[in-house]
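Below you'll find the structure, written out as structure tokens, and then a few comments.
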Amino acid sequence: MDFMTNFLNILLWSLWFAIWISFIFLVIRFIIDVFRDEKLSVVGKIFWTLLLVVLPVLGSLIYIFTRGKGMAERDMAAAKDMRAAQVEYTKGLMDEAGAASEIKAAKELLDSGAITAEEYDKLKAKALA
């Protein structure tokens, strides 16, 4: 019986420890969101930060009910911006890579007169090799 009591106490303390750490991360997340909001004034940022630091439980509840929708909208906008940047980066890689782009660049140089036909043939053979 003593082992089971100690084991349950360890499980209970582990649960409370996990809840406490999760709550700390949640409060930090709210504070980051306060400073990420461009529409909020400096006084508002100071107020929300003080409320979340001084009264974290009450401040978190008030914050999630009053500003939760805006927080979700900012998260969605950030995710869309990140996705657009990834797509743009990937498109840039696709345009720059491969033998076809090297041959195209060499053809443009040939058409502009910057290189001769022999140099173009050498560049083309190098790209295809």
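Just the heavy atoms: all of them, side chains too, but no hydrogens, waters or symmetry mates, feed the values below. Not measured: the values here are computed from a predicted model.
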Cluster link Val54 to Leu58, ILVMFWY, side chain under 4.5 Å: yes

Hydrophobic cluster membership, with links at side-chain heavy-atom distances under 4.5 Å among I/L/V/M/F/W/Y: are Ile32 and Phe47 in one? yes

Please report the shortest heavy-atom distance between Gly59 and Leu51, naming the atom on each side. CA-CG, 3.7 Å

Reported CD-to-CE distance for the pair Glu73 and Met76, which is rounded to 0.5 angstrom: 10.0 Å

Taking only Lys NZ, Arg NE, NH1 and NH2, and the carboxylate oxygens of Asp or Glu, determine whether Asp75 and Arg36 approach each other closer than 4.0 Å. yes

Apart from Val42 itself, its cluster of hydrophobic side chains linked below 4.5 Å comprises Ile46, Leu50

Nearest heavy-atom pair of Ser60 and Val27: which atoms, and what distance? OG-CG2, 3.4 Å

Using the test side-chain contact (heavy atoms from CB on, under 4.5 Å), find all partners of Ala114 that sit at least two apart in sequence or belong to another chain. Leu109, Ser112

Applying salt bridge (charged side-chain N to carboxylate O under 4.0 Å, His left out), can you list everything that pairs with Asp81, at least two apart in sequence or on another chain? none

Side-chain polar contacts of residues 13-24 - donor-acceptor pairs under 3.5 angstrom, sequence neighbours left out - could you list them?
from	atom 1	to	atom 2	distance (Å)
Ser14	OG	Ile10	O	2.8
Ser22	OG	Ala18	O	2.8

Once you round to the nearest 0.5 Å, how far does OG1 of Thr49 lie from CZ of Phe30? 13.0 Å

I'd like to know whether Glu108 forms a side chain to side chain contact (heavy atoms under 4.5 Å, CB included) with Asp111, so could you lay out the CA-CA distance, the side-chain angles of the two residues, the decisive distance to 0.1 Å, and finally the verdict. CA-CA 5 Å; Glu108 289 174 359; Asp111 292 342; 5.6 Å; no

Could you go through residues 115-129 and list every donor-acceptor pair under 3.5 Å that involves a side-chain atom there, pairing it with any protein atom two or more places apart or in another chain?
from	atom 1	to	atom 2	distance (Å)
Thr116	OG1	Glu119	N	3.3
Glu119	OE1	Thr116	N	2.9

Would you say Lys80 and Arg83 make side-chain contact, with heavy atoms under 4.5 Å? no

Assigning hydrophobic clusters by single linkage (Ile, Leu, Val, Met, Phe, Trp, Tyr; side-chain heavy-atom cutoff under 4.5 Å), is Val57 placed with Val34? yes

Please table the atom pairs, donor to acceptor, closer than 3.5 Å between any side-chain atom in residues 62-72 and protein atoms at least two apart or in another chain.
from	atom 1	to	atom 2	distance (Å)
Tyr63	OH	Asp33	OD2	2.4
Thr66	OG1	Ile62	O	2.7
Arg67	NH2	Asp37	OD2	2.3

